[in-house]
A.B. asks: 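Below you will find the structure I want to go over with you.
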Amino acid sequence: MRELKVVVTDFEFGDLRYEERVLKEAGITLIPAQCKSEEELISVCKDANGLINQYAKITRRVIEALDNCKVIARYGVGVDTIDIKAATARGICVVNVPDYCMDEVSDHALALLLGCARKVVLMNNAVKAGTWDFKISKPIYRLRGKVLGLVGFGRIPRTLAEKARPFGFDILVYDPYITQAEVEPYGATLVGLEELMAKSDFVSVHAPLTEKTYHLIGDTEIGLMKPSAFIINTARGPVIDEKALIKALQEKRIAGAGLDVLEQEPTPSDNPLLKMDNVIITPHVAWYSEEAEAELRTKAAQGVADVLLGYWPKYLVNKEVKDKIMLKEHY
């Protein structure tokens with residue numbers, strides 16, 4: 001039997017011990033790489049049987065150069081780094097890990113919300129700079145009775161809704177792919193995006209990045225927000241039109257923002273958001289805990305191993321590929 005090889009296209013972990021353990025048990029060789037361009041990806045991955053991907057862009061050109069690839073796994077929930085249509089056309093399974101960081105991201109979104117609402121970072125910085133004066137935080141409003149708007153209602157925002165309810169929030173949801181019956185168990189109400197933006201005191205973004213959600217929240221949507229409202233983003237930076245957000249913040253049309261993701265990461269040092277006292281920014285870390293990282297890496301590797309051993313993976317993104325290839329349901 002020909003040796004099976006899996007390339008990790010890029011990674012920011014200190015080692016690959018979780019991946020190595022899973023793939024070694026399956027008799028698969030792991031090849032670490034740090035690809036920065038299409039040319040590097042094609043050169044390193046051309047004869048690989050599978051890929052595990054973090055941030056490198058797996059474009060159509062890259063996919064069409066993969067002679068033996070059967071599966072591409074993404075470290076994460078979103079798969080915007082992979083050309084799904086191109087992979088499907090080549091009969092390549094795309095897998096992700098949609099359930100590994102529900103607590104972490106929902107906790108982080110809530111932390112950003114609370115940090116914005118209570119002006120925690122602003123006051124911390126002021127005290128450390130020698131200013132002891134609560135009045136610099138004005139105005140702060142009570143959370144109970146305020147409206148939390150959730151843009152998208154997958155696993156993570158549902159977890160956030162459960163955590164937010166004890167604070168006394170009224171919860172609105174915008175998600176064109178679900179029904180009111182699905183939000184009712186969370187004490188939430190399904191509304192249109194415009195109504196959510198206009199009524200919410202806090203807008204928390206959880207939509208995946210797709211062609212339809214790119215700049216989903218732009219100047220028009222931000223323009224509907226209350227001057228006292230905050231926007232939180234732990235999804236993907238380009239879901240929000242960053243230029244429109246910056247303009248609204250500069251003109252004081254909204255109260256502030258809590259952002260774990262930006263349109264360009266790392267963000268340039270001249271990004272105006274970095275100078276704003278009413279904006280909290282963290283470095284795309286909402287997914288992280290030691291436990292979540294181990295789960296992410298193990299499940300991504302297992303998805304690749306499953307396909308290469310002839311079985312459908314648990315987390316298949318492009319289900320249309322089932323029309324092109326034959327695998328067993330389970331083992």
Side-chain angles (χ1 to χ4, degrees), residues 55 57 77-78 80-81 105 108-117 119 121-122 139 141 146-154 156-157 160 169 171-177 190-287:
Y55 299 125
K57 297 295 184 183
V77 181
D80 47 284
T81 60
V105 179
H108 202 84
L110 188 57
L112 289 173
L113 186 159
L114 293 172
C116 287
K119 312 287 180 69
V121 175
L122 171 68
Y141 299 101
K146 293 296 185 289
V147 178
L148 170 61
L150 302 174
V151 179
F153 205 59
I156 290 168
L160 175 58
F169 284 108
I171 300 174
L172 300 180
V173 171
Y174 167 71
D175 191 322
Y177 302 103
L190 189 66
V191 297
L193 181 58
E194 291 186 356
E195 183 176 352
L196 181 145
M197 299 301 293
K199 290 184 176 179
S200 295
D201 298 289
F202 300 90
V203 175
S204 189
V205 179
H206 300 278
L209 180 59
T210 66
E211 290 180 1
K212 291 183 179 179
T213 63
Y214 177 79
H215 285 184
L216 175 69
I217 298 177
D219 190 61
T220 299
E221 291 73 26
I222 295 171
L224 296 170
M225 294 175 67
K226 302 174 183 178
S228 58
F230 294 86
I231 190 163
I232 311 297
N233 191 4
T234 53
R236 285 291 185 272
V239 176
I240 297 177
D241 182 340
E242 198 167 290
K243 289 182 179 179
L245 175 61
I246 290 170
K247 189 169 184 286
L249 288 163
Q250 288 173 333
E251 296 174 357
K252 302 189 185 323
R253 289 189 279 117
I254 62 172
L259 308 171
D260 185 55
V261 289
L262 296 168
E263 289 215 47
Q264 182 180 339
E265 298 175 3
T267 194
S269 60
D270 61 351
N271 188 332
L273 293 170
L274 298 175
K275 308 296 183 184
M276 297 180 181
D277 288 336
N278 57 342
V279 176
I280 301 173
I281 301 176
T282 54
H284 202 145
V285 70
W287 64 274

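Computed over heavy atoms, backbone and side chain alike; hydrogens, waters and symmetry mates excluded.
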A.B. asks: Please indicate whether K226 has more than 12 foreign heavy atoms, meaning atoms of other residues, nucleotides or ligands, lying under 6.0 Å from its NZ.
C.D. replies: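 Above 12, so yes.
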A.B. asks: Is any side-chain N of the basic residue among K247 and D219 closer than 4.0 Å to the acidic one's carboxylate O?
C.D. replies: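 No.
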A.B. asks: Hey, does M276 have a side-chain heavy atom less than 4.5 Å from the side chain of L273?
C.D. replies: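 L273 reaches M276 side chain to side chain.
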A.B. asks: Shortest non-hydrogen contact from M225 to V203?
C.D. replies: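 Taking every non-hydrogen atom into account, CE-CG2, 4.2 Å.
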A.B. asks: Do S200 and L172 make a side-chain contact, defined as non-hydrogen atoms from C-beta onward lying under 4.5 Å apart?
C.D. replies: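 Result yes, sub-4.5 Å side-chain heavy-atom pair found.
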A.B. asks: Start with the C-alpha distance between L245 and N233, add both sets of side-chain angles, then the distance that settles side-chain contact (heavy atoms from CB on, under 4.5 Å), and finish with yes or no.
C.D. replies: CA-CA 12 Å; L245 175 61; N233 191 4; over 6 Å; no
A.B. asks: Got a second to check how far I171's CD1 is from F153's CZ, nearest 0.5 Å?
C.D. replies: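 Output value for this atom pair is 7.0 Å.
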A.B. asks: Which pair of heavy atoms, one from T213 and one from A207, lies closest together, and at what distance?
C.D. replies: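 Here T213 and A207 meet closest at CG2-CB, 4.3 Å.
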A.B. asks: Begin from the C-alpha positions of L160 and S204 and carry the test side-chain contact (heavy atoms from CB on, under 4.5 Å) through to its verdict.
C.D. replies: CA-CA 10 Å; L160 175 58; S204 189; 3.7 Å; yes
A.B. asks: Do you know which two heavy atoms are closest between H206 and G152, and how far apart they sit?
C.D. replies: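 Between these two residues, the closest heavy atoms are CB-O, 4.3 Å.
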A.B. asks: Please walk me through it: do E221 and L216 pass side-chain contact (heavy atoms from CB on, under 4.5 Å)?
C.D. replies: CA-CA 8 Å; E221 291 73 26; L216 175 69; over 6 Å; no
A.B. asks: Can you name the nearest heavy-atom pair linking Y55 to T81, along with the distance?
C.D. replies: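 Between these two residues, the closest heavy atoms are O-CG2, 3.9 Å.
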A.B. asks: Measure the spacing between CG of L259 and NE2 of H284 and express it to the nearest 0.5 Å.
C.D. replies: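 Spacing of CG (L259) from NE2 (H284) equals 12.5 Å.
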A.B. asks: Do the side chains of V205 and V261 get nearer than 4.5 Å, heavy atoms only?
C.D. replies: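 They are not in side-chain contact.
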A.B. asks: Before you tell me yes or no, could you show the steps for D260 and V285 under side-chain contact (heavy atoms from CB on, under 4.5 Å), namely the whole-Å CA-CA distance, both residues' side-chain angles and the distance that decides it to 0.1 Å?
C.D. replies: CA-CA 7 Å; D260 185 55; V285 70; 3.6 Å; yes
A.B. asks: Quick check: do P208 and D80 have side-chain heavy atoms less than 4.5 Å from each other?
C.D. replies: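 P208 vs D80: side chains apart.
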A.B. asks: CD1/I231 to CG/L113 distance, rounded to the nearest 0.5 angstrom?
C.D. replies: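 Rounded to the nearest 0.5 Å, the CD1-CG separation comes to 11.5 Å.
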A.B. asks: Which pair of non-hydrogen atoms, one from R253 and one from G223, has the smallest distance, and what is that distance?
C.D. replies: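 For R253 and G223, the tightest heavy-atom pair comes out as NH1-CA, 4.1 Å.
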A.B. asks: If we only count heavy atoms from C-beta on, is the V239 to V151 side-chain gap below 4.5 Å?
C.D. replies: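 No; the side chains remain at least 4.5 Å from each other.
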A.B. asks: Over all heavy atoms of both residues, which pair between G192 and Y174 is shortest? Give the atoms and the distance, please.
C.D. replies: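 What the structure gives for the nearest pair is C-CD1, 3.8 Å.
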A.B. asks: Can you confirm whether P272 sits close enough to K243 that some side-chain heavy atom of one is under 4.5 Å from a side-chain heavy atom of the other?
C.D. replies: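 No, side chains not in contact.
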A.B. asks: To the nearest 0.5 Å, what is the distance between CG (L112) and CD1 (I232)?
C.D. replies: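 These two atoms lie 5.5 Å from each other.
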A.B. asks: Have N271 and E242 got a donor and an acceptor in their side chains that come within less than 3.5 Å?
C.D. replies: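 Yes, side-chain donor-acceptor contact under 3.5 Å.
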A.B. asks: Hey, could you give me the CD/CG distance between E195 and L224, rounded to the nearest 0.5 Å?
C.D. replies: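 Answer for the CD-CG pair, E195 versus L224, is 11.0 Å.
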A.B. asks: Verify the neighbour count for atom CD of E265: are there more than 12 heavy atoms of other residues, nucleotides or ligands below 6.0 Å?
C.D. replies: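 Buried by this count: over 12 neighbours within 6.0 Å.
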A.B. asks: Going by distance alone, is a donor N or O of one side chain under 3.5 Å from an acceptor N or O of the other, for H215 and E263?
C.D. replies: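 Indeed, the side chains of H215 and E263 share at least one donor-acceptor pair under 3.5 Å.
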A.B. asks: Please work out which of the three classes, parallel, tilted or perpendicular, describes the rings of F202 and F169, given edges at 30° and 60°.
C.D. replies: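 Rings of F169 and F202: perpendicular, over 60°.
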A.B. asks: Answer yes or no: is there a side-chain heavy-atom contact under 4.5 Å between L150 and D175?
C.D. replies: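 Contact flag for L150/D175 side chains = no.
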